[in-house]
Amino acid sequence: MVGCLSGYSQESILDKKINISKQDVSIAYFFDLLEKETGVTIAYSDDAIDIFKIVSINFEEKPLHQILRSVFPSQSYKFKVLGQKLLIYKRPNRYTLNGYISEKGSDEYLPGASIYIPELNVGTITNDYGFYSITLAEGNHTVLFSFEGYKKVEKKINLLENFDLNLSLDIETQHLEEVLVNSDNETKQSNITQISSERLKSSVFQDIPVVLGEKDVLKTLQLLPGIQSGNEGSAGFYVRGGTPDQNLVVLDEATVYNSNHLFGIFSIFNGDAIRSVNIFKGGFPARFGGRLSSVIKIDTKNGNKEKFNGKATIGLISSSFLLEGPIKKSVSSFVLSGRRTYADLVSLPFQNGRDKIIYYFTDVNAKYHHVFNDKNKLYWSTYFGQDKFRNKSIGVTLQGEEIESTQKIEWGNITSTLRWNHEFSDQLFSNTSLIFSNYKFAVNSESNTLATSANSAEAFSNTSSGINDYGIKSDFSYFPNPRHQIKFGLASTYHNFTPKEIRISNSAADIITNKQEIKTLESGLYIEDDWKVSNKISINPGIRLSHFQHRNSGYFRPEIRLSGAYRPYPLFSIKASYVKMNQYIHRLSNTGLGLPTDLWISSTDKLKPQVSEQVTLGLAKDFDNNGYTVTIEGYYKKLNDVISLKEGASFLGGSGVIEDIVTSFETVDFENGITTGQGWAYGSEFLIRKKRGKFTGWLGYTLSWSERQFDELNGGKKFKERYDRRHDFSLVGIYKPSKKITISSSWVFSTGINYNITNILGVSATDDFPIDTDPFGSDFSMFNVDKNNFRGESFHKLDLGIQFHKITKRNRERTWGISIYNVYARKNPFYYETSIAENSPNIRNSLFKRYFLQLIPSFNYTLKF
Amino acid sequence: MKYYFIVLISFLYLGCDDFGEEVDDRPSGRTQFVLINGFLSPEEPVIRIRVSKTVSIFEDISDLTTADLRDALTIKNAMVTIMNENQNEIVLTYRSESRAYEIEASEFPIIPGQKYGLKVVTEGKEFTAQSIIPTEIIDDITTTSSQIINEGGISLKFLNIQFDDVVGENSFYVVGGTVINLDNPDATATFVDFGSKQFVTDVNGDGIPISVNGQVFNANQNMEVTIRVANTEELIYETLRASFINEDQAASDLFFEPLIPPNNIQGDGGYGVFGGFRLFEKKIRL
């Protein structure tokens, strides 16, 4: 009733028609006149109204609100009646400043660049496509644009309407030491809500030496705390007690299933093609799903839209090239990069006889970027990579016929992504992607009798496994105001697995095929909000609804994601997160090395998805004056329905026997070889990092535990996970005293991993069974009763590298690089085995450590043009 | 230039040293157990339980022959008792010829489907275990064979064994065969090589016929093969399979993870398997 009356009053007073006519009077005088005419008291803020401003008014029988609007024409002025008071106040209009931040000279977008308004203490960062949007009150603002490694730009803007501002930043000359106050404010660890994440620019892993001089993204990531390497030289990695298949590796939105070349010595990612790498170890935002332990998001360059340039590198093991440039200046660009080893080409002339062994790997990245207009951009990127091993030999049968046999092992990935960026409005940005990803591993064996036609194989067998993904993904970013950054979207991927396919033929029979295919659909719908609740508190709540369908069985799994940060004082924050993750596709490994023989399989009605829940607590401190950042985190992760091969299960090796295919009633049913259990991973991580100045680098330390329990393994007892490394320490330094020289080093130490070593000798059990299951076996058997019963020696090594840069007369940059892997030749264990000790006076078993990769120097030469 | 070349070669030498060395560290955990294995079957003429000790594989046993080592490990003074569901029990006697504890099956019949217990007292400790003898035995097998000469000019006979799975239970089978050359019956019997396929289960479906392939080397036309198919308890199956795979894979696969054999012997320091099986046997002519 009161509301109605007051509303009625508001309407009647503001609608009251009055006559008023005055020339050149102050607003204060105008208010006096109104008060007398209407009987209300006018209230206002001195900040909002200049009462000394002179106005002229001439209205006859006009409603009050119209008269007020003529005096205060801006829509930001509001009029409200409360009882006998007429309130005149100003609510400023808000307009959106948006655009793209790119690198000057190349137009390469800069993701994660900071846009900051100091007097309002608000800001934002560019998204993965260099786009930013921030809504501010109308008026004058000083806006700081900054990005690590680039010169800061300050712009004064009078915001009176929505405003598009695209900006290019100059690269900062690297040898200068600058003290930048409040630069990169929005990207400081203490200012971002996200916990357990790091972003690495390509320059970081270009400088860090790894084995044989190759620049390796994944090897560099393994130098960060919480990310542990596998065996010596392996590119497989273990994040917070998880297994390699629990890491989602994404290259330009496409999932990469096997990220290794050369049995794990190198990763498949050509460092020259990469723009940036983001890694998440916990606190996963809702837009990511499908894996339990980490997300590695790798984005490639878009290509220089202003001029052609390139790079060629020759190294000891491989050579690579990069070409990029505009197809149409400022509109479209391309990037093409490739890499190939050449040990096979070099060694072939030296292989005597008719037996030839070759191995090589190659990879190619290509990308096309087209800008239709400011609101529409298209990207097409593709990757092809392959490892090939071939052994060709010629033998002679007892009948004297020559037979040529060829064995080939090959594996590789192909990915292709078509992306469309579209700005629906200044505050709503979207990216839609069509994604294809393929991984295949194949073993071929062929034999020909040379006396007959050499064009058709007399016998062949082909065993392969692989996976094809066809996906669509739409992501939206909505920036309603500086307090909220809302992301939402959906993704759906059709997986077509072929866990095993065998094709066999010989001269006496037709081609026989035995193939298993599994078709599944994995989808996710998510929403998350990076919400600055106040200047001290920010939270990122999110939810992801994930769904997986295999034949008639489906899994619907909602996943809560929540992270938050509290900043009690500037440059310091306390963060926490809780995440739940589901994983529907899995990798089975016989060796734990991440070899191409590992098998990708999917959840089924019998095999439930793996699940994890992780809580993380940490703090982050930025030291503004010298570019140091310190983060300390503790985590606890519980894993359920984790999978493992049953004792003795293996998916390797077809029999090559036709009868196996023809007469066998057995299906290739991988579920029967798998068992499920639970896992625990917990620990703490410490990282101190210096990002600016001539000397940069970091020191990282991890203290962690990782355990598993399976009812069908180890007698149901809990056991230490293979890669349960108690301590992991890394010290990385990059020193650039001038433009001409870069010196880098890394020293790592980690506790040894756990091996399964037989250590017990007993009388064989097979003698008492009426079927001799092991006719060539001995009277004794060797076994162990505890899984992972031996902790190997600690792993540590020092790598050094130096690069000499020179600008030639033709303005090309020439770099000579020398690096030494494992400088003090530490004999880090690769594996252990029991064997007879040959040098002992007595014949006895002993334990031997096998190692390789000691003290390996390498050289490379790079020309940039 | 020569100086740099020598330095480079020196680096390469250091980088390519030995690649292996002996270490003194040893796996953790106990290595000394009382190892007890016993497999009961209504089809076997003798009930045999083997009781022995285990040692660390790193022990110096170089001065022992195989026979000496077997003797050294065998426990000869244990009290070994078997009991049935009706609480009848019998003590087995140690036989030095077999280095095991035995009785004739006629003295203590093993009945399909029944439960049996084992008690072993030795070294001041008591060890027990239980087993249920599988009820069913397979009815029959069918075989097909074909012969080829392989790449090395060796005559191979491929042999396929098929039989119906026992319905209504999870089944674990071990398949084997011995071969006698009828033209030379005194020669040592050879065997049918089933490889890892000698271990087969009904995991692909209860009641689905099971097929196993093997091969006979140096096959001729006048051979007699004794095919044996054992329907075993899961523990026996896993024990034999672990022993086979550990032997088969350890030498060829650097990264092979040895299988841990199962254990149903209760008592501190005991290990092994006490289980039951049914045995089907059939002779065929190749």
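Reckoned from all heavy atoms, side chains included, excluding hydrogens, waters and symmetry mates.
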Under a 4.5 Å cut-off applied to non-hydrogen side-chain atoms, are Val23(B) and Tyr832(A) in contact? yes

Would you mind checking which part of Glu43(B) comes under 4.5 Å of any heavy atom in chain A, side chain (CB onward), backbone (N, CA, C, O), both or neither? neither

Pro775(A) portion near chain B, given a 4.5 angstrom heavy-atom threshold: side chain

Could you walk me through whether Asp68(B) and Thr65(B) satisfy the side chain to side chain donor-acceptor pair (under 3.5 Å) test, starting with their C-alpha distance in whole Å, then the side-chain angles of each, then the deciding distance to 0.1 Å, before giving a yes or no? CA-CA 5 Å; Asp68(B) 289 342; Thr65(B) 63; 3.1 Å; yes

Which residue out of Arg228(B), Arg70(B), Lys53(B), Arg48(B) racks up the most heavy-atom pairs below 4.5 Å with chain A? Arg70(B)

Phe769(A) and Phe277(B) aromatic ring geometry - parallel, tilted or perpendicular at 30°/60° bounds: tilted

Give, as side chain, backbone, both or neither, the part of Asp25(B) having an atom under 4.5 angstrom from any heavy atom of chain A. both

Could you tell me which of Thr66(B), Thr239(B), Leu73(B) has the largest number of non-hydrogen atom pairs under 4.5 Å with chain A? Thr66(B)

Proximal component of Thr758(A), with respect to chain B [non-hydrogen, under 4.5 Å]: both

Side chain, backbone, both or neither: which part of Val175(B) has a non-hydrogen atom closer than 4.5 Å to chain A? backbone

Measure the shortest side-chain to side-chain distance between Asn754(A) and Phe719(A) over non-hydrogen atoms and say whether it is less than 4.5 angstrom. no

Top contributor to chain B contacts, counting heavy-atom pairs under 4.5 Å, from Asp774(A), Asn789(A), Asn822(A), Thr834(A): Asn789(A)

Which bit of Phe39(B) comes within less than 4.5 Å of chain A, counting heavy atoms only: side chain, backbone, both or neither? side chain

Ser52(B) portion near chain A, given a 4.5 angstrom heavy-atom threshold: side chain

For Leu69(B), is it the side chain, the backbone, both or neither that has a heavy atom under 4.5 Å from a heavy atom of chain A? both

Side-chain heavy atoms of Glu793(A) within contact of Arg826(A), under 4.5 Å: yes

Verdict with supporting geometry, Arg30(B) and Asp268(B), side chain to side chain contact (heavy atoms under 4.5 Å, CB included): CA-CA 11 Å; Arg30(B) 178 187 248 171; Asp268(B) 178 45; 3.2 Å; yes

Tell me, out of Asp772(A), Asp779(A), Asp768(A), who's got the most heavy-atom pairs with chain B below 4.5 Å. Asp768(A)

Most heavy-atom pairs under 4.5 angstrom with chain B, which of Asn784(A), Thr773(A), Asn788(A)? Thr773(A)

Top residue by heavy-atom pair count (under 4.5 Å) with chain A, among Ala100(B), Gly29(B), Ala242(B), Pro261(B)? Pro261(B)

Within the 4.5 Å heavy-atom criterion, are Thr190(B) and Phe217(B) side-chain neighbours or not? no

Report yes if some heavy atom in the side chain of Phe158(B) is under 4.5 Å from a heavy atom in the side chain of Asn213(B); otherwise report no. no

Could you check if a side-chain atom of Thr54(B) sits within less than 4.5 angstrom of a side-chain atom of Tyr271(B), using non-hydrogen atoms only? no

Given a strict heavy-atom distance threshold of 4.5 Å, which part of Pro262(B) is in contact with chain A: side chain, backbone, both, or neither? neither

Gly752(A) backbone acceptor or donor facing Arg791(A) side chain under 3.5 Å: yes

